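To keep things clear, I will list the structure first and then write my remarks on it.
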There are 2 protein chains.
Amino acid sequence: MRTILLIDDEQRMLDLIELFLIPHGFKCIKETSGKKALGILKKEKVSLVLLDIMMPEMDGWEVCEKIREFSDVPVIMLTARTDKLDLVKGLESGADDYITKPFDERELSARVNALLRRFPKEEKETEMIIYGDFRLDKETYSLQYRDLKVPLTLKEFFIVEALISRPTKTYTREQLLHAAWDYNTYTDIRTVDSHIRNLRDKLKTTGFPIDEFLKTVWGIGYKWS
Amino acid sequence: MRTILLIDDEQRMLDLIELFLIPHGFKCIKETSGKKALGILKKEKVSLVLLDIMMPEMDGWEVCEKIREFSDVPVIMLTARTDKLDLVKGLESGADDYITKPFDERELSARVNALLRRFPKEEKETEMIIYGDFRLDKETYSLQYRDLKVPLTLKEFFIVEALISRPTKTYTREQLLHAAWDYNTYTDIRTVDSHIRNLRDKLKTTGFPIDEFLKTVWGIGYKWS
DNA sequence: TACAATCATGACAGATTTGTGACTGCATAG
DNA sequence: CTATGCAGTCACAAATCTGTCATGATTGTA
């Protein structure tokens, strides 16, 4: 989960923004002092900063400049004013974007997401199903167990994908047919057995302890466990 | 010098924006058709796109989405309206920022510079992709392996660029078509095979150990590994 | 234990996908 | 105009994956 640092002197505003952001899957750190916020930035992993301009002691532009002395974290400025001079001053002090209050939830989340798209530091896990020591990689159509990696054929891949994405569930041959073949295929149900065999062969010769994981459920079908 | 691609259906607006940008040290390419602009983006080195929303034929959101299918170039949307729904829609279709007309010169240059700050060495990095002993040179459209250097045709170049920029990932022919051709091409899918063959021939006769790197993934497509 | 149902396995045929050569069209340069 | 090189299409051969069948092994049950 990505963390956003909120800096505003009004506690009410901090709470409000947090309420906006939480449903969109962000964690928030709230801070009323610009000075303390700089300290937090150095210690915590922060993905983005939302920074109010009108603050006592140290204003938003100053905070932003200090941040830029040591960090490239994306910064969005918040202000009540709509003056374009403010805007230019904000961007020149190193901010990446600028939102005028009052803003609505969609604008906030859209701007936050637009900026975060630029920093895809987190691993994409959607292309990879991980179960125990196994990884099923959709980019390379291969199955990995610790250091061993084996490319799969299409049918093998779809079968493993079905099985491994719901471990311990027993799939009937029918269900595996539907997972790997078109719905209205006239393929013999026993063909599934063939592919299961090919899989076992291929994985065993590569050194996978596959018999411990890919199991036959007598009278029903197969499962991964 | 950084190049900015301007897309607007009104020639007057294109000329006006160009007048704004030239004093700030930018080179401009002006285009009134979204479709043609996509073609330009694939061929030219463009650092940033300024995209009008209200256009006949293909509107700005659509153009932006098409751009995002093959490029991460920063995009700023232009519109006469101040509706926040527009704003959200723009950011969601992949834009990075949003300027409402009429805008002034300072705002335009501030926003452009804020975005470009995010891509400081972009130009140099994208001119040369290095993977292992291979170098793909965007300046001369050629591929180098140790001392051997071979010029590539455009299509060959785009195919290699896609493959080599994400080694081990298996690309389908569809994906390679999108990477190397205009998005709405009616080119036969097997044409990809032809270019792959030409590549292999060309590289093999020059002495590249290409078979070890450019691999066929049966039933899916091709990969670099 | 004996029997019936179910599964694993090997061999092979069939289907699909890919590689390759030959050809056309197009644009460009000389 | 002609020559050249690139892009795209087609047809057929080659490679590889998929599906079927027969047979023997395994499992559950009476």
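Nothing here was measured: the structure is a model prediction, and the numbers come from that model. Below, chain A is the first sequence line, B the second, and so on; all start at residue 1.
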With a non-hydrogen cut-off below 4.0 angstrom, is B:Leu154 in contact with a base, only sugar-phosphate, or nothing? sugar-phosphate

Would you say A:Gln144's side chain and A:Arg146's backbone share a donor-acceptor pair under 3.5 angstrom? yes

For atom CG of A:Leu176 and atom P of D:dG19, their distance in whole Å: 13 Å

With sequence neighbours excluded, tell me which residues meet side chain to side chain donor-acceptor pair (under 3.5 Å) with B:Glu212. none

Taking distance alone, no hydrogens or angles, what donor-acceptor pairs closer than 3.5 Å link side-chain atoms of residues 162-170 of chain A to residues at least two apart or in another chain?
residue	atom	partner	partner atom	Å
A:Ser165	OG	A:Glu161	O	2.8
A:Ser165	OG	A:Ala162	O	3.1

Contacts of B:Asp188 meeting salt bridge (charged side-chain N to carboxylate O under 4.0 Å, His left out) (sequence neighbours excluded), chain-then-number -> none

Under the side chain to side chain contact (heavy atoms under 4.5 Å, CB included) test, which residues partner A:Leu154, sequence neighbours left out? A:Tyr141, A:Phe158, B:Ile220

Roughly, in whole Å, what's the span from CD1 in A:Ile189 to P in C:dA8? 14 Å

Rounded to whole angstrom units, what separation is found between the NE2 atom of A:His195 and the C1' atom of C:dA8? 15 Å

Would you indicate which nucleotide in D:dT9, D:dT18, D:dC6 comes nearest to any side-chain atom of B:Thr153? D:dC6

Rounded to whole angstrom units, what separation is found between the CZ atom of B:Arg190 and the P atom of D:dA13? 15 Å

Going 5' to 3' through nucleotides 9-14 of chain C and flagging B where a protein heavy-atom sits under 4.0 Å of the base, S where only the sugar-phosphate is that close, and - otherwise, we get BBB---

Provide, to the nearest angstrom, the distance between the CH2 atom belonging to A:Trp181 and the P atom belonging to D:dC17. 15 Å

Give the rounded distance in Å between these two atoms: CD of A:Glu156 and C1' of D:dG19. 14 Å

Check each residue of residues 162-171 of chain A for a non-hydrogen atom within less than 4.0 Å of any atom in DNA chain C, then write out the ones that pass by number, or none. none

Between C1' of C:dT18 and CG of B:Asp188, the distance in whole Å: 13 Å

Tell me the salt bridge (Lys or Arg N to Asp or Glu O under 4.0 Å) pairs involving residues 194-204 of chain B, sequence neighbours left out? B:Glu156-B:Lys202, B:Lys204-B:Asp211

Residues that B:Asp8 engages under salt bridge (charged side-chain N to carboxylate O under 4.0 Å, His left out), provided they are two or more places apart: B:Lys101

Is A:Arg68 paired with A:Asp96 through a side-chain N to carboxylate O contact shorter than 4.0 Å? yes

Protein-nucleotide distance (B:Asn198, atom CG; D:dT9, atom P), rounded to Å: 14 Å

By a strict heavy-atom criterion of less than 4.0 Å, which residues belonging to residues 206-225 of chain B are in contact with DNA chain C? B:Thr216, B:Val217, B:Trp218, B:Gly219, B:Ile220, B:Tyr222

Set of salt bridge (charged side-chain N to carboxylate O under 4.0 Å, His left out) partners for B:Asp15, sequence neighbours left out: B:Lys30

Residues in salt bridge (charged side-chain N to carboxylate O under 4.0 Å, His left out) with B:Glu10, at least two apart? B:Arg12

For B:Phe134, the ring-ring contact (aromatic ring centres under 6.0 Å, His included) test, sequence neighbours excluded, returns B:Tyr145, B:Phe213, B:Trp224

